[in-house]
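Notes follow once the structure below has been shown.
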Number of protein chains: 2
Amino acid sequence: MKKHGSERNRGIEPTKNRIMDAAQMLFAKKGFDATRVQEIADIAEVNKAMIYYYFKDKDALLYAVVERIIKGIKDAIPRYLEEEDNTIDGLETFLDFYIEYLAQNSSFVRLMAWEILSGKHIQSLAMDYFMPMFFLMREKIAKGVDSGQIRPVSPEHTIFSIVGMNVFYTIALPLIQILLGGDPLSAEMLSKRKEEVKAFVMKGLLPFEDRRRI
Amino acid sequence: MKKHGSERNRGIEPTKNRIMDAAQMLFAKKGFDATRVQEIADIAEVNKAMIYYYFKDKDALLYAVVERIIKGIKDAIPRYLEEEDNTIDGLETFLDFYIEYLAQNSSFVRLMAWEILSGKHIQSLAMDYFMPMFFLMREKIAKGVDSGQIRPVSPEHTIFSIVGMNVFYTIALPLIQILLGGDPLSAEMLSKRKEEVKAFVMKGLLPFEDRRRI
DNA sequence: ATATACTAACTAAACGGTTGGTTAATTATG
DNA sequence: CATAATTAACCAACCGTTTAGTTAGTATAT
């Protein structure tokens, strides 16, 4: 059953993965600068030196975590954007999926938020991660505008608005919890959120004409 | 002309203010944890010990900066929410003002974002700052819903969406700059943003019925 | 007026704990 | 045995914070 190398591991997971998991969790929670290498080691149940055995330095560990996230996400989101169905139906499906996805993966949404704020690696992040998704979404919306299914909006600004309203909900979770007085990620809350966002976005993007003709 | 004590200041601004200005700028740019006390001192052109002469510690300096921001903002935003005019017109006016305001004060929008992400002082921040604004906005929207000027949305989620889409634009500036290929805070870009957001929000919130009756 | 006492503002230097990173030796594995 | 994995101990640099002392202006006493 053992895969490679030695296996006197603490648990099931290989050491390197445990380190990356712990790092991702802490980077997401407290940010890179506030995270101590020793903390990562403690949570991963690993000697601190092991981190430097597998990674050049703390920065390299961050890169590895981010890269792993990007690799994992590159399949997920685009699937719902590349489908060639009706733009409007596709948009609603996408929103359902997107909100669920952000909620389920709030850990790396937060990590991305830290990264965007710090701006330290924004160039490579934009190239590797944001741009591909951005272009896909832009084309999708532009197609909807051309076909008249969506009113003549700016695709770029529409993307910023949709992404912004959803990402904010994930990032500001602790604040929203206080304001709402309940877990914003609970099943009911989240389905309420989906309904509200879908209605808001759809009505915000549909052309007048289509509505009048009903 | 001298007010009190000695006045061998470096420039016009009192030392304490220079420290707070430098701190605010750096906290906003790099975050609290990545900001070195020495950097603050350098930019404020002050001996590092002066920071501890005026503030108990680095944390106290952060609190002081945040408090100053909140004090300054508490007059600004609510003015546009407390006016008792028509909800719909008020909403458009508010969006114009709000987007301009965030753009003009991106420094402490970013600082607030760092704070929200870290979540360390979220409780007091929510009480002192977010809750009052949140309640004002909620009542405003609820009133619009009751009067039928706004379709039956959840005021809470509507607020999160509107705040989110606008805050995101400010926070993600470096990223948006890359994606858009131009300064997102330039006059043209910003006025374009305002138009797009206003149209999106208004159409997203107006009831069907009103539109059909036209 | 002049000397004296006092105070706020300011500085250079260092302290002491923390942190990212290293090393050399040890243990397990194939 | 050779290689990979793991560990305890260590280190230098850094960073927030303190300290001990200086400067200059102001009030007070003589």
Side-chain angles (χ1 to χ4, degrees), chain A residues 1-27 29-66 114-115 118 120-121, chain B residues 1-27 29-66 114-115 118 120-121:
Chain A
M1 253 323 157
K2 328 229 151 180
K3 282 170 39 174
H4 69 90
S6 75
E7 208 84 353
R8 58 193 146 123
N9 284 332
R10 205 83 45 190
I12 322 97
E13 279 261 298
T15 303
K16 191 174 178 182
N17 286 0
R18 291 212 315 281
I19 293 172
M20 289 177 74
D21 292 343
Q24 174 169 341
M25 180 264 192
L26 286 170
F27 290 161
K29 187 154 107 186
K30 325 181 5 167
F32 179 80
D33 293 308
T35 298
R36 306 292 141 228
V37 176
Q38 186 60 57
E39 286 182 282
I40 301 173
D42 290 345
I43 290 181
E45 293 185 276
V46 154
N47 188 287
K48 186 166 61 127
M50 288 308 291
I51 291 171
Y52 293 93
Y53 179 75
Y54 285 109
F55 304 95
K56 186 181 159 290
D57 52 24
K58 198 184 167 191
D59 260 296
L61 174 55
L62 171 65
Y63 294 145
V65 168
V66 170
W114 286 110
E115 281 299 305
S118 94
K120 257 185 277 180
H121 320 103
Chain B
M1 256 320 151
K2 326 229 155 182
K3 282 171 39 174
H4 70 92
S6 73
E7 207 86 353
R8 56 196 149 117
N9 282 333
R10 199 86 42 189
I12 323 97
E13 279 265 297
T15 303
K16 191 174 179 182
N17 286 0
R18 291 213 315 281
I19 294 173
M20 288 176 75
D21 292 343
Q24 174 169 342
M25 180 263 194
L26 287 169
F27 289 161
K29 186 155 106 185
K30 325 182 7 168
F32 180 79
D33 293 308
T35 298
R36 307 290 143 228
V37 175
Q38 185 60 56
E39 286 182 282
I40 300 173
D42 290 344
I43 290 182
E45 293 184 275
V46 153
N47 187 287
K48 191 164 57 137
M50 286 309 291
I51 292 170
Y52 294 92
Y53 179 77
Y54 286 110
F55 305 94
K56 186 181 160 287
D57 52 24
K58 199 183 167 191
D59 260 295
L61 173 55
L62 172 65
Y63 294 144
V65 168
V66 170
W114 286 109
E115 280 301 304
S118 94
K120 257 187 278 180
H121 321 101

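Residue numbers start from 1 in every chain, and the chains themselves are labelled A, B, ... in the order their sequence lines are given, proteins ahead of strands. All figures in this text were calculated on a predicted structure; none of them were measured in a lab.
Between B:Asn47 atom CG and D:dA20 atom P the separation is 16 Å, expressed in whole Å. If you measure from atom OH of A:Tyr54 to atom P of C:dG21, you get 18 Å, rounded to the nearest angstrom. Atom CD1 of B:Ile40 and atom P of D:dT17 are 10 Å apart (whole Å). Between the P atom of D:dT7 and the CD atom of A:Gln38 lies a distance of 12 Å, rounded to the nearest Å. Atoms CD1 (B:Ile51) and P (C:dC10) sit 13 Å apart, rounded to a whole Å. Between A:Lys16 atom NZ and D:dA4 atom P there is a gap of 14 Å when expressed in whole angstrom units. Between the C1' atom of D:dA5 and the CD atom of A:Glu45 lies a distance of 17 Å, rounded to the nearest Å. Whole-Å rounding puts the B:Asp59 CG to D:dT17 C1' distance at 13 Å.
For C:dG21, the base has a donor-acceptor partner in the side chain of A:Lys48 [N/O atoms by modelled type, under 3.5 angstrom].
Distances shown here put a side-chain N or O of A:Tyr52 below 4.0 Å from the OP1 or OP2 atom of C:dG21. Phosphate contact (OP1/OP2 of D:dT6, side-chain N/O of A:Thr15, threshold under 4.0 Å): present. Of the side-chain N and O atoms in B:Tyr53, none sit less than 4.0 angstrom from OP1 or OP2 of D:dT17. Between D:dG16 and B:Arg36, a contact under 4.0 Å exists linking OP1 or OP2 to a side-chain N or O.
Set against C:dG21, C:dT23, D:dT17, the side chain of A:Asp57 has C:dG21 as its closest nucleotide. Proximity note for B:Val37 (side chain, C-beta onward) versus D:dT7, D:dG16, D:dT18: the nearest is D:dG16. Across C:dA12, D:dT7, D:dG16, the shortest atom-to-atom separation from the side chain of A:Met50 is found for D:dT7.
In this structure, B:Lys16 satisfies the cation-pi test against B:Phe55, with its NZ or CZ atom closer than 6.0 Å to the six-membered ring centre and inside 45 degrees of the ring normal.
Under the 3.5 Å distance criterion, the side-chain polar atoms of B:Lys30 are left unmatched by any main-chain donor or acceptor of B:Arg36.
The aromatic rings of A:Phe27 and A:Phe32 sit tilted, their planes meeting at an angle between 30° and 60°. Aromatic ring pairs are classed by plane angle as parallel below 30°, tilted from 30° to 60° and perpendicular above 60°; the pair A:His121 and A:Tyr63 is perpendicular.
Residue-level contact check: B:Phe55 touches neither bases nor backbone, having no heavy atom under 4.0 Å from any strand.
The two atoms that bring B:Ala41 and B:Asn47 nearest to each other are CB-C, 4.3 Å, heavy atoms only.
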